[in-house]
Amino acid sequence: MRIEELSVDERVKRIIRERGIEELYPPQAKALKSGVLEGKNLVLAIPTASGKTLVSEIVMVNKLLHEGGKAIYLVPLKALAEEKYREFKAWEVLGLRVAATTGDYDSTDEWLGKYDIIVATAEKFDSLLRHGSSWIRDVKLVVADEVHLIGSYDRGATLEMILSHMLDKAQILALSATVGNAEELAEWLNAELVVSDWRPVELRKGVFSHGQLFWEDGKIDRYPSSWDSLVVDAIKKGKQALVFVNTRRSAEKEAVSLASKIYRLLTKPEQRKLEELTESLESNPTNNRLREALKKGVAFHHAGLGRSERTVIEDAFREGLIKVITATPTLSAGINLPAFRVIIRDTKRYSNFGWVDIPVLEVQQMMGRAGRPKYDKRGEAIIVAKTEDPKKLMERYVFGKPEKLFSMLSNESAFRGQILALITNFSIGNFRELIEFLERTFYFHQRSDTSQLEWKAKEIVYFLIENEFIDLDLNDHFMPLLFGRRTSQLYIDPLTAKKFRDAFPKLEKNPNPFGIFQLIASTPDMGTLNARRKEMEDYLDLAYEMEEKLYVNIPYWEDYTFQSFINEVKTAKILLDWINEVPETRIYDAYNIDPGDLYRILELADWLMYSLIELYKLFEPKEEVLAYLRNLHLRLRHGVREELLELVRLPNIGRKRARALYNAGFRTQEDIIRAKVSELLAVEGIGMKVIEGLFRYFGVELPGASKKGADERNPKKRRGTLDDFLR
Ligand SMILES: Nc1ncnc2c1ncn2[C@@H]1O[C@H](COP(=O)(O)OP(=O)(O)OP(=O)(O)O)[C@@H](O)[C@H]1O
């Protein structure tokens, strides 16, 4: 179907044609003729990179141009939010304003009221729903990207609740990978369904076993016995390869091993560019392990890498400079990074229940990454049979259907928070209303019996009453209490809030970083870092050594909570090192963690520390304890000792620069203002850009800054220029 045949606003067609797109892909045409342009709900289940995003753009923009209002684009990952935001900015030429929002759950983000297309993570939008942001009523369309994640254990319930809330308040466009029960999803959403396995690039699938490559069409190719010959062969053909493995360590090991085979296939200019790219990485143990492979054209990609490194690798791969990426499956979730040949080395992964088969849906998503539109006529996805029978892998993963999706609403932690939110933010007043709402969920649609869910809901309501999140009024109506309302707004699990509240009396008597950090680490909202068996003794000794600082009793070895307690102690110790200015690289080494792990626990700990303070304020807080907690929160946010707190409040002054300034004698903001620029420049890490930022912060006009309006703007602003300080 040609673009101009589309019954959409001419301006939309112009923008699409400017992207060089003349013809719609067949599934796109089917989708746009399904009634979705006339306001019907739609579930679009088509393979990766077959044009789902473009369909959603056309539907969103056309609707907003005709009806006004807002469109929400829900994504599962922050990285995806940034990617989609960049893509949608192009529509601003039509006067539509595009925004992205992902963090800070304790805000109504009223500023979003003036935007038309809002990209948000599901959690963030869920928290906005709870805050009852005024502009939510203007939402006319919700696009749920990767909607098959409704079946994922830790984020499915949030997505399901959002869709249950929005179901009859806005049009729903759900974008899904091909799943086993797309029609069930469509029924639930009262949606049309378009399913297709059409792809812009033909996909050839096969299984590799000891030198033989069995293709799905029966043909067999012969290769050297080891699977990495498939990778070398792809590079020899001037193509690229993605290798999916099941652990970070094997992604790193395989990257180094493949690099030694790829290196000689690189041109001189490529080697030089890769050398430069490798040098540009900041120094830390993970990056140092990456360097060895990267300069030879191979990178590993996993959640332990810092975000900037992941972006650098993705961009260099898209440019064709990096030839091979070895990745753990996180890459397959959404980031659009196709390659001619995809090798799936492992079809099993280690979980709490031991080695389990990776779901067909996930393997098929990884295979979907094979074939770059515009570069490859076809893509090749190859599963490696190590010990497995190749025929079995072929049946299961090549010819097999993906699993059905099941609602994860009954996942304890998520459900607790959702029930509380329904009562505190959606004025559900009694059990009948609660059940009525639950009957709108996918869970109910699938089971058409909510008895199990009702039982769980009742249990949770009693827990909420018992712990004073809510109460019952004289007519047995649910009555939200301040503790419950605030917990819901903070977007934390009620169990987290209960742990905090129960610890306040001990915390007040003995506020100390270790006790507070262990408390934070012990909550269901904190992802702790697992202590390895050989470390457990050390952490147990540490716990006993610091016992009087803890707010909990140390469990016995045989307790089922023992391992999680040790993990909490490890996590608390890392946070303690962090606020005592232990350098990141030493933390990575000492605890055998990656930058991505440290970043994640710091981000979580920051949020939980903020939440702990917010909740403490509800319980007749002692001023000195509140001040202590706020100081500790700042130390946690910046990773500094108390003496640097005044300095880290300055723009671009983080833990390294603050320490350097302090050690050089600049201990207060006043010291900085009195300093000669030349003295500041002598401090490691302090350049002119930083200094200009500091002087702007202090309200000093810079040479050439506009004099107009400066005084009205800020009478306190001292007149003068940088030269005044060049004494
Ligand atoms: N009809 C079309 N003709 C040509 N190119 C297209 C067409 N539709 C989409 N594309 C291009 O194909 C690429 C993938 O499209 P898009 O991102 O919409 O697919 P997707 O299914 O959303 O991918 P992912 O699953 O990775 O999000 C984009 O570069 C897009 O510009």
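Note: hydrogens, waters and symmetry copies are ignored here, and every other heavy atom, side chains too, is used. Residue numbers run from 1 in the order of the sequence given. Both ligands and their constituent atoms are indexed starting at 1 by order of listing.
- With ligand atoms numbered from 1 in the order given, ligand 1 contributes 1 (N) to contacts under 4.0 Å with heavy atoms of L24.
- Relative orientation of the Y105 and W607 rings is perpendicular, given thresholds of 30° and 60° on the angle between their planes.
- Using a 4.0 Å heavy-atom cutoff, P373 is absent from the residues neighbouring ligand 1.
- F406 CZ: more than 12 foreign heavy atoms inside a 6.0 Å radius.
- No side-chain heavy atom of R396 sits less than 4.5 Å from a side-chain heavy atom of K401.
- Between E87 and ligand 1, not a single N/O pair is under 3.5 Å apart.
- In this structure, R19 does not count as a contact residue of ligand 1, since none of its heavy atoms falls inside 4.0 Å of the ligand.
- Contacts between L54 and ligand 1 below 4.0 angstrom, taking non-hydrogen atoms only, involve backbone and side chain alike.
- Looking at F88, Y115, Y85 one by one, the single match for ring-ring contact (aromatic ring centres under 6.0 Å, His included) with Y73 turns out to be F88.
- Taking a cut-off of under 4.0 Å to the non-hydrogen atoms of T53, the atoms of ligand 1 that pass are 16 (P), 17 (O), 18 (O), 20 (P), 22 (O), 27 (O).
- The side chain of K84, and not its backbone, has at least one atom closer than 4.0 Å to an atom of ligand 1 (non-hydrogen atoms only; side chain from C-beta on).
- In this structure, K392 places its NZ atom where only 12 or fewer heavy-atom neighbours from other residues, nucleotides or ligands lie under 6.0 Å away.
- The two residues A182 and L193 have their closest heavy-atom pair at CB-CD1, 3.9 Å.
- Seen from the ring of W355, R349 does not count as a face-on cation partner, given the 6.0 Å and 45° thresholds.
- For the pair E23 and ligand 1, the shortest N or O to N or O distance falls below 3.5 Å.
- Considering both main-chain and side-chain atoms, K52 comes within under 3.5 Å of ligand 1 through a nitrogen or oxygen pair.
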